[in-house]
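Heads up: the structure comes next, in structure tokens.
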Amino acid sequence: MNDKFLKPYNPQETEGAIYKKWEESGLFNPDECIAQGYTQPDAEPFSIVLPPPNVTGTLHIGHASMLVIEDIMVRFERMRGKRTLWVPGTDHAAIATQSKVEGIIYKEEKKRRHDLGREELLKRVNAFAAESHDTIVNQVRKMGASVDWSREAFTLDAKREKAVNTAFKQMYEDGIIYRGNRIINWDPKGQTTISDDEIVYVEEKGKFYYFKYGPFIIGTARPETKFGDKYVVMHPDDKRYADYTHGQKIELEWINGPISATVIKDESIDMAFGTGVMTITPAHSVVDFDIAQRHKLDSEQIIDKVGKLLPIAGEFAGQKITDARSKIVDKLREKGLIASKEELVKLGVDAEGEADYVHNISTAERTGGVIEPQIMNQWFIDVNKKFILKESKINGVASGSEVSLKELMIAAVEGGQTHILPDRFEKVYFSWINNLRDWCISRQIWYGHRIPVWYKKDAEGNETETYCGFKAPAGSDWVQDEDTLDTWFSSGLWTFSTLGWPDKEEFAKHRMYHPTSVLETGYDIIFFWVARMVLMSTYFLGEVPFKTVYLHGLVRDAQGRKMSKSLGNIIDPLTVSEKYGTDAVRLSLIIGTGPGNDLKMSEDKIRGYKNFANKIWNATRFVLTSVEGANLTTKPALTATDEAYVKELDEVIADVTKEMENFHFYLAGEKLYHYFWHTFADKIIEETKGRIGGGKPSETPVEIDPVSKLSAQWTIYHILTTVIKALHPFMPFVTEEIWSAMPGVGSEEKGGKLLMVEKWPKV
RNA sequence: GCGGGAUUAGCUCAGUUGGUAGAGCAGCUCAUUUACACUGAGAAGGUCGGGGGUUCAAGUCCCUCAUCCCGCACCA
């Protein structure tokens, strides 16, 4: 027996060497598994793309949980003989990374992006990204993830740039990508547009004001947008305003003097809200913009890109909207334009002219800036436009049929080719698609894929020609679009841009891995990412991007709170891995969580699994000592008791295999844990002690029956080797280490073969 | 407003088609030169959130209420 079993299991001494051994074997690469004869060339493929972590810093416990779940699936399928590919990578995360670096630069040098210029800022961001990348890949190694490093990708590397440009150009030519003046979410802090999904709603207490607007009383929470309001809108069925007709002009006194207002009747108005009358500001409200579009009304910008009032605000021009608000109300009060309680009661509204009001304001996810809707010339993906899908493998969508992106996204899941776990998220997914608007993909930041479009401009700066392509056309006067693409545009291509697309030869080599088998990610990015990948894959390949979506939850602290710096409850995966061993961390991250549920983590939990790793270690020591000298090359005749043990083991393995196949990794892990500790170690090993060693020294020696002894030796060795294999996906380090120390006996003759490519136990 | 989830032992959670309530941790009692104290054995602990219904039988199915959590939509 190997001397190292004389000491307790020491993960710190073991893990680095084990990972190195795996990596040097090349067996994380399925091609190498085939070359070395561990995988049949015609084996069923199993593929996962790693959700690429943002290069914004370091990995947190949530990333660790993702790595563990995926590694369990991948190791399980690899051991089952599948042609298993797990592609790693990182995400440039455009806004997130740039704003992080801008923050650092501002803190250290008090400089903003325009002080540095595009080139210098990109240099700094790239340097930061490179450093983050190195940290991240080391952390991925530390967690034991068996990813194929030879295929590592980055959302902003040359190959992905080619994919992004190819994708953009094709969508542009199909008219799916268009440029237009539409209302978008402007982040005044980040100085960029963001998509609807990048908005976070924050509850805010404010005032709701009732102003006299000619013969009407209008309600608003945003007096500062009201300067340009010249349309007054009400429901056509509202009896209170039956005397007014659509299109009627009314002269009235407003903030900065007399204006002419037009009455608009529109069914979108909620009669029960406020007075049932509102004025609209199409330039700064999505809802108002829609009304204006329906009735072909004009609009005027009131607020500029930094949140200051424009000249239309008259005396208030140049003021920040937050400062101007109360002053505007003061002015309206002086002019007697704030509605009285009596006037409101007449309209059936029980309120004051100024009422307390709680509403949600939109803020930018990354910068926290308060979103100001603006009408701007931006690039969009049209989700409703019909196009011909030439080749389709999607259920319910025939090749050559006319479809929209929305319809494709629905068909992927409705047709059952993509299944979301847990099921309830399919409903969430559908409701998102039903509310989906065109996706604004242009960003006014510098870090990211630059839009592959060039313009020719005349002397006044008006664009006279547009060209979409990888390089500017011949001629010197072409200027590239200043904007970059939403980071999710490039990550939407991830399932196939990592497999060689659009390079025909390269993609053909990997074609078998797409659709990928499983996408494992957090439920918080189902819209950002999962839906966008479905969009891109169905559009470009006519097939779904993945068969199963496994959504994991958030990792929370022992009390169920989110982990945050301010609460000081962060568990750093590297720290606890060093302290308790990665295997212990892995088990604590998988047991007690199913798809879609949050996981509560604590150091106590990790400590418990550290003990388990050592328990396995000690049990191995005992088994190896007990079988020393025994010839186990052939299965001996087993006693009835041992037959029963083997039968029970087979049942456990069958059950665990079933749980693994059903994505119930938490149950599989728990059952193995329980079986190993409380059945194998506590009962079976204890029972066989007497038969193998003749009883404890303190007890009366029992006569040893050689037949029963050999049967017991074979049985405990068989159970140990079997359970070690089954535990490998969960605890790869300690099991691989034990495996390397097992003598090559019986059917386990292995000649230095790694446990990671052993066959999963068959029943 | 729309939708979803949770509520089971002190704590964290299992409980798959309805068939006598389970595990881990903590606590309690006992054991002890033992493969392993990073241990073992044992006992205790639950009217399964409340109420109603279906059924021979409900933690599980239906209705209802309560509390907590989450997502989406937002109203000017």
Side-chain angles (χ1 to χ4, degrees), chain A residues 1 5-9 196-197 199 201 208-211 218-223 225-226 229 232-234 266 268-281 284-288 291 357 359-362 422-432 434-436 523-524 526-527 553-554 556 558-562 580-581 584 587-588 591-594 596-602 604-605 607-626 655 658-659 662 664 666-667 670-671 673-674 677-678 681-683 685-686 689 693 696-698 716:
Chain A
M1 191 188 64
F5 285 105
L6 298 175
K7 289 186 292 178
Y9 175 60
D196 296 345
D197 300 286
I199 288 176
Y201 292 99
F208 194 76
Y209 305 95
Y210 288 100
F211 298 138
I218 59 156
T220 184
R222 301 202 58 192
T225 65
K226 297 284 135 195
D229 289 9
V232 59
V233 192
M234 62 216 71
D266 192 281
S268 69
I269 300 297
D270 179 359
M271 288 188 265
F273 185 84
T275 59
V277 183
M278 69 171 187
T279 60
I280 56 167
T281 315
H284 302 289
S285 156
V286 175
V287 175
D288 294 2
I291 294 172
Y357 184 55
H359 66 144
N360 290 333
I361 55 164
S362 323
D423 301 346
R424 66 183 133 92
F425 279 99
E426 294 193 352
K427 210 169 168 178
V428 175
Y429 172 86
F430 287 131
S431 72
W432 178 78
N434 290 330
N435 290 317
L436 189 61
Y523 62 69
D524 49 333
I526 181 166
F527 309 136
L554 255 56
R556 296 172 176 277
Q559 282 104 57
R561 301 173 304 177
K562 272 192 185 177
Y580 304 105
L587 264 193
S588 67
I591 294 181
T593 180
N597 290 331
D598 291 350
L599 171 70
K600 292 198 180 89
M601 262 302 262
S602 64
D604 281 342
K605 191 175 173 187
R607 203 173 292 123
Y609 293 117
K610 177 186 189 242
N611 296 352
F612 180 53
N614 195 51
K615 185 77 186 179
I616 301 172
W617 191 253
N618 284 316
T620 303
R621 176 198 305 163
F622 179 80
V623 171
L624 294 186
T625 314
S626 302
D655 189 26
K658 199 190 84 205
E659 299 292 11
N662 292 332
H664 295 155
Y666 59 111
L667 290 178
E670 207 174 330
K671 283 174 178 177
Y673 171 92
H674 199 256
W677 199 317
H678 299 298
D682 290 348
K683 298 201 172 73
I685 287 183
E686 288 303 319
K689 271 180 185 170
K696 293 178 185 178
S698 54
I716 58 171

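Chain identifiers are assigned alphabetically (A, B, ...) following the order of the sequence lines, protein sequences preceding nucleic acid strands; residue numbering begins at 1 within each chain.
For the atom pair A:I269 CD1 and A:T275 OG1, the distance stands at 9.5 Å (nearest 0.5 Å). Taken to the nearest 0.5 Å, the OG1 atom of A:T220 stands 8.0 Å off from the CG atom of A:D229. Expressed to the nearest 0.5 Å, how far CG of A:N434 lies from OH of A:Y429 amounts to 10.5 Å. Going from atom OG1 of A:T620 over to atom CD1 of A:I716 covers 10.5 Å, rounded to the nearest 0.5 Å.
B:A44 and B:U34: their P atoms are spaced 31 Å apart (whole Å). Separating the C1' atom of B:G15 from that of B:C69 is a span of 22 Å, rounded to the nearest Å. Distance noted for atom C1' between B:C61 and B:G19: 14 Å (whole Å). Spacing of P atoms, B:A66 relative to B:A9, comes out at 23 Å, to the nearest Å. Taking atom C1' on both B:G49 and B:U67, the two are 8 Å apart, rounded to the nearest angstrom. Comparing B:G22 with B:A14, their C1' atoms sit 7 Å apart, to the nearest whole Å. Atom name C1', nucleotides B:A21 and B:U8: the rounded distance is 9 Å, in whole Å. Nucleotides B:G10 and B:G46 are separated by 7 Å at their P atoms, to the nearest Å.
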Collect all protein-nucleotide pairs involving nucleotides 4-11 of chain B in which both atoms are nitrogen or oxygen and the distance is under 3.5 Å.
from	atom 1	to	atom 2	distance (Å)
B:G4	OP1	A:K427	NZ	3.0

For nucleotides 23-26 of chain B, give me every protein contact, N/O to N/O, under 3.5 Å, one pair per line with atom names.
from	atom 1	to	atom 2	distance (Å)
B:G24	OP1	A:H678	NE2	3.4

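Nucleotide B:G22 forms a Watson-Crick or G-U wobble pair with B:C13, both donor-acceptor distances falling under 3.5 Å. Nucleotide B:A35: unpaired (no Watson-Crick or G-U wobble partner with both distances less than 3.5 Å). The partner of B:C68 is B:G5, judged by Watson-Crick or G-U wobble contacts that both fall below 3.5 Å.
Distances from the side chain of A:N435 to the nucleotides B:A14, B:A35, B:C72 place B:C72 closest. With B:A35, B:A73, B:C75 as the choices, the nucleotide that has an atom nearest any side-chain atom of A:K689 turns out to be B:A35. Candidate nucleotides B:C75, B:C36, B:C38 were compared by shortest atom distance to the side chain of A:E686, and B:C36 ranks first. Looking at the side chain of A:Y666, the nearest of the listed nucleotides B:G40, B:A35, B:G15 is B:G15. For A:K600, taking side-chain heavy atoms from C-beta onward, the closest of the listed nucleotides B:G15, B:C13, B:C38 is B:C13.
At a threshold of 4.0 angstrom between heavy atoms, the contacts of A:A681 include nucleobase atoms, whether or not backbone atoms are also involved. Residue contacts shown for A:K7 are absent, as no nucleic acid heavy atom lies under 4.0 Å away. A:S285 comes within contact range of no nucleotide atom at all, as no heavy-atom separation falls under 4.0 Å. Nucleic acid contact for A:T220: sugar-phosphate only, since backbone atoms but no base atoms lie under 4.0 Å from a heavy atom of the residue. In this structure, A:D524 reaches neither bases nor backbone, as no heavy-atom distance under 4.0 Å exists between it and the strands shown. Using a 4.0 Å heavy-atom distance criterion, A:I280 is classed as making no nucleic acid contact.
Protein atom CD1 of A:I591 is 20 Å distant from nucleotide atom P of B:G22, rounded to whole Å. The interatomic distance linking A:H359 (NE2) with B:G1 (P) rounds to 18 Å, in whole Å. To the nearest angstrom, C1' of B:A35 lies 6 Å from CZ of A:F622. Taking atom CG on A:L667 and atom C1' on B:U12, their separation rounds to 15 Å, with Å as the unit. Regarding A:D682, its CG atom lies at a distance of 10 Å from the P atom of B:U39, rounded to whole Å. Atom pair A:D266:CG and B:C75:C1' shows a separation of 14 Å (rounding to whole Å applied). Counting to the nearest Å, the C1' atom of B:C75 and the OH atom of A:Y201 are 12 Å from each other. To the nearest angstrom, P of B:G40 lies 11 Å from CD1 of A:I685.
One N or O donor and one acceptor, one from the side chain of A:K615 and one from the base of B:C36, sit under 3.5 Å apart.
Considering only heavy atoms from C-beta on, A:F612 comes within 4.5 Å of A:W677 through its side chain. Put simply, the side chain of A:D266 does not reach to within 4.5 Å of the side chain of A:M278, judged on heavy atoms. Here the side chains of A:F622 and A:K689 are in contact, with some heavy-atom distance below 4.5 Å. Residues A:W432 and A:I526 are not in side-chain contact: their nearest non-hydrogen atoms beyond the backbone lie 4.5 Å or more apart. Within the 4.5 Å cutoff, side-chain heavy atoms of A:E659 are placed close to those of A:D655. Between A:N618 and A:Y9, every side-chain heavy-atom pair lies at or beyond the 4.5 Å cut-off.
Closest non-hydrogen pair, A:H678 versus A:K683, comes out as O-NZ, 3.3 Å.
Using bins of under 30°, 30° to 60° and over 60° for the plane-to-plane angle, the ring pair A:F5/A:W617 lands in the tilted bin.
Summary of the strand contacts: A:I199 and A:F273 both lie near RNA chain B, and taking for each the nucleotide with the nearest heavy atom, the more 5' one is attributed to A:I199.
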